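Start at 1 and go down the list; that is how both ligands and their atoms are numbered. Computed from a prediction, not measured in an experiment: that's the story for all the values here.
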Amino acid sequence: MIVGILGCGAIANTIVNEFLSDDGIDIKYFYDTDIERAENLAQISNGIAVLEMDEMLDNVDLVLESASPIALKVHALNIIENGKDLMVMSVGALMDKEFRQKIHKAAQANNAKVYAPSGAIVGLDGIKAASIGKIKKASLTTRKSPKSLGREVEEEEILFEGKASEAVERFPVNINVAASLSIACNMDIDVKIIVDPKVDRNVHEVLVQGDFGEFRSSSENVPFAANPKTSMLAAFSAIKLLKSFSECFSVGT
Ligand SMILES: NC(=O)C1=CN([C@@H]2O[C@H](COP(=O)(O)OP(=O)(O)OC[C@H]3O[C@@H](n4cnc5c(N)ncnc54)[C@H](OP(=O)(O)O)[C@@H]3O)[C@@H](O)[C@H]2O)C=CC1
Ligand SMILES: O=C([O-])CC(=O)C(=O)O
């Protein structure tokens, strides 16, 4: 499978390094508004940095978006309408229902697949199973350091309390996980974002209640040094999903 990358930052660097010696996945094309970042990844993987997304679309099977919600909105339909599969990290953009429907229709019409890896969150497997029954309530409490959230505070502070749809608008590169949970639950879930000077991890606590019963999940994710907003687990989830395409045995929903 030939893969092109849209957005060559923390997540992309980890993914590229993982696949340097993997014969099944060839991460070959790189695009970033900062061409030096694309060139850097192209150099270490013997790939090609492009100046426009259109320069890679004829040659790839799948584009992995690891850029920003705005980048996804700009490029997703063009990628899919070219019949290419798309893996999305900036899931927050998909909280826009009209945009999500357009993507869905385009994917159906062009025989393309759109994947959103579980990212920095733990529990999506259970939620997907639970969604076969009725999910009655779902919430996410995210706690990050001042460095991760770009704030300077002496004590913990609630930065946001409300619905996921508003959270992704106000914190577009910090709370994509709220969108993944909302889409999996098929509801606009409750979100709380706390900046906490006592933590150095990205902490996500999920509560789900439904016909199946109730579960809580909690993860204390190591952030990337290069981008403390982002948890290493998010890159690992994309790597695992890419690897799963060539596996003949699958466990978990
Ligand atoms: N689903 C999940 O659980 C998670 C999702 N994410 C999301 O994944 C995405 C990537 O994360 P991460 O690797 O940490 O981010 P980084 O900021 O480290 O890297 C993103 C790169 O993409 C570039 N970029 C941004 N917009 C565009 C664009 N329109 N066209 C081309 N390049 C662009 C950035 O350039 P510049 O710096 O100049 O903007 C940067 O080089 C983010 O949207 C992030 O919020 C992150 C963590 C978890
Ligand atoms: O990486 C994380 O912990 C979560 C994150 O930034 C996001 O969901 O956008």
Side-chain angles (χ1 to χ4, degrees), residues 4-17 29-41 49-56 63-76 78-79 87-95 114-124 140-145 147-150 160 164 167-184 189 191 193-196 199-206 217-241:
I5 300 255
L6 161 57
C8 301
I11 289 178
N13 271 270
T14 302
I15 294 171
V16 167
N17 278 299
Y29 294 88
F30 301 92
Y31 174 72
D32 196 295
T33 39
D34 181 341
I35 184 69
E36 275 183 28
R37 290 190 193 147
E39 283 171 349
N40 178 46
L41 285 184
V50 296
L51 289 169
E52 303 286 344
M53 279 301 290
D54 281 342
E55 289 177 42
M56 70 163 80
V63 173
L64 192 152
E65 176 283 320
S66 50
S68 64
I70 291 175
L72 186 71
K73 284 207 159 173
V74 170
H75 295 288
N78 189 31
I79 294 165
M87 194 176 287
V88 175
M89 295 309 300
S90 304
V91 191
L94 301 175
M95 283 304 284
V114 180
Y115 304 94
S118 50
I121 207 80
V122 170
L124 274 179
L140 166 71
T141 302
T142 289
R143 191 177 284 271
K144 289 188 177 183
S145 69
K147 200 159 73 169
S148 288
L149 283 160
F160 175 83
V168 299
E169 293 291 328
R170 295 204 18 212
F171 299 86
V173 290
N174 260 303
I175 200 79
N176 289 282
V177 285
S180 306
L181 288 166
S182 293
I183 293 166
I189 68 159
V191 176
I193 302 174
I194 301 167
V195 57
D196 184 347
V199 299
D200 57 5
R201 303 262 175 102
N202 294 333
V203 181
H204 301 292
E205 290 170 326
V206 177
S217 83
S218 177
S219 56
E220 296 177 15
N221 298 337
V222 175
F224 280 112
N227 182 358
K229 296 188 225 23
T230 294
S231 302
M232 212 182 278
L233 188 65
F236 289 175
S237 78
I239 291 169
K240 186 65 192 162
L241 186 53

Note: Asn227, heavy atoms under 4.0 Å from ligand 1, region reported as side chain

heavy-atom search around atom 47 (C) of ligand 1 in the protein gives Thr230 CG2, 3.6 Å

Under 3.5 Å, N/O to N/O: give me all the pairs between ligand 2 and the protein, one per line with atom names and distance.
residue  : atom  : partner : partner atom : Å
ligand 2 : 1 (O) : Ser231  : N            : 2.8
ligand 2 : 1 (O) : Ser231  : OG           : 3.2
ligand 2 : 3 (O) : His204  : NE2          : 2.7
ligand 2 : 3 (O) : Ser231  : OG           : 2.5
ligand 2 : 6 (O) : Lys144  : NZ           : 3.0
ligand 2 : 6 (O) : Lys229  : O            : 3.0
ligand 2 : 8 (O) : Asn176  : N            : 2.9
ligand 2 : 8 (O) : Val177  : N            : 2.9
ligand 2 : 9 (O) : Ile175  : N            : 3.2
ligand 2 : 9 (O) : Asn176  : N            : 3.0
ligand 2 : 9 (O) : Asn176  : ND2          : 2.8

Residue set satisfying ring-ring contact (aromatic ring centres under 6.0 Å, His included) with Tyr31, at least two apart, ordered chain then number -> His75

Next on the checklist: For a side chain to side chain contact (heavy atoms under 4.5 Å, CB included) check, start with the C-alpha distance between Ile189 and Val206, then their side-chain angles and the critical distance, and finish with the verdict.
Outcome noted: CA-CA 10 Å; Ile189 68 159; Val206 177; over 6 Å; no

Taking every heavy atom of Ala179 against every heavy atom of Val168, the minimum-distance pair comes out as CB-CG1, 4.2 Å

On a heavy-atom basis, the closest approach of Ala93 and Lys73 is O-CE, 3.8 Å

Within the 4.5 Å heavy-atom criterion, are Ile193 and Asn174 side-chain neighbours or not? no

Here the pair of heavy atoms bringing Ser90 nearest to Pro69 is CB-N, 3.4 Å

One finds that the ligand 1 atoms under 4.0 Å from a non-hydrogen atom of Val173 are 45 (O)

message = Could you check whether atom 39 (O) of ligand 1 has a protein contact, counting only heavy atoms that fall below 4.0 angstrom?
response = no

Note: ligand 1 atoms sitting under 4.0 Å from heavy atoms of Gly119 are 2 (C), 3 (O)

The atoms of ligand 1 lying under 4.0 Å from a heavy atom of Tyr31, numbered in the order shown, are 30 (N), 31 (C)

Note: Ala234 and Met89 closest approach over all heavy atoms is O-CE, 3.6 Å

- Report the C-alpha distance between His204 and Lys144 in whole Å, list the side-chain angles of each, state the deciding distance to 0.1 Å, and finish with yes or no for side chain to side chain contact (heavy atoms under 4.5 Å, CB included). CA-CA 9 Å; His204 301 292; Lys144 289 188 177 183; 4.3 Å; yes

among protein heavy atoms, the one nearest atom 43 (O) of ligand 1 is Ser90 OG, 2.6 Å

For atom 21 (C) of ligand 1, the closest protein heavy atom turns out to be Asp32 OD2, 3.5 Å

Residue, atom and distance of the protein heavy atom nearest atom 11 (O) of ligand 1 read Ile11 CD1, 3.5 Å

Using side-chain heavy atoms (C-beta onward) and a distance below 4.5 Å, is Asn78 in contact with Asp54? yes

Point to revise | Nitrogen or oxygen atoms of Ser180 and ligand 1 under 3.5 Å apart | key: no

Practice item. Answer yes or no for Ser231: is there a heavy-atom contact with ligand 1 below 4.0 Å? Key: no

With heavy atoms and a 4.0 Å threshold, my read on which part of Cys8 contacts ligand 1 is backbone

Counting from 1 in the order shown, the ligand 1 atoms closer than 4.0 Å to a non-hydrogen atom of Pro69 are 43 (O)

Residues at least two apart in sequence or cross-chain that pass side chain to side chain donor-acceptor pair (under 3.5 Å) with Arg201, listed by chain then number, are none

Of all protein heavy atoms, the one nearest atom 19 (O) of ligand 1 is Gly9 CA, 3.2 Å

Does ligand 1 have any atom sitting under 4.0 Å from a heavy atom of Val74? no

Going by the 4.0 angstrom heavy-atom rule, the piece of Ala71 near ligand 1 is both

Short version for Thr33: what comes under 4.0 Å of ligand 1, heavy atoms counted, is both

Within 4.0 Å of some non-hydrogen atom of Val177, the atoms of ligand 1 are 3 (O)

among protein heavy atoms, the one nearest atom 8 (O) of ligand 1 is Met89 CB, 3.5 Å

With sequence neighbours left out, the residues meeting side chain to side chain donor-acceptor pair (under 3.5 Å) with Ser145 are Ser148

Closest to atom 34 (C) of ligand 1 (heavy atoms only, candidates Arg37, His204, Lys229, Met232) is Arg37

Residue, atom and distance of the protein heavy atom nearest atom 45 (O) of ligand 1 read Asn176 ND2, 2.8 Å

Nearest heavy-atom approach of Ala38 to Asp32 is CB-N, 4.0 Å

Exercise for review: Using atom types as modelled and distance alone, determine if a side-chain donor or acceptor of Glu169 lies under 3.5 Å from a backbone N or O of Pro172.
Suggested key: no

So do the side chains of Asn13 and Phe224 get within less than 4.5 Å of each other, counting heavy atoms only?
no

Quiz item: With a 4.5 Å limit on heavy-atom distance, are the side chains of Tyr29 and Val63 in contact?
Solution: no

In short, Met56 meets Gly4 closest at the heavy-atom pair SD-CA, 3.7 Å

Exam field: side chain Asn221 to backbone Ala120, donor-acceptor pair closer than 3.5 Å: yes

Can a donor-acceptor pair be found, under 3.5 Å and without considering hydrogens, that links the side chain of Asn202 to the backbone of Pro223? no

- prompt: Do any N/O atoms on Asn174 end up under 3.5 angstrom from N/O atoms on ligand 1?
  reply: no

Original post:
Are the side chains of Leu233 and Val122 in touch, meaning some heavy atoms are under 4.5 Å apart?
Top reply: yes

the protein heavy atom lying closest to atom 3 (O) of ligand 1 turns out to be Ala120 N, 2.9 Å

Looking only at N/O atoms, are Glu65 and ligand 1 under 3.5 Å apart anywhere?
no

Quiz item: Below 3.5 angstrom, do we get any N/O pair linking Ala234 and ligand 1?
Solution: no

Out of Pro223, Ser68, Ala10, the nearest non-hydrogen contact to atom 18 (O) of ligand 1 is supplied by Ala10

Exercise. Kindly confirm or rule out an N or O of His75 lying under 3.5 angstrom from an N or O of ligand 1.
Key: no

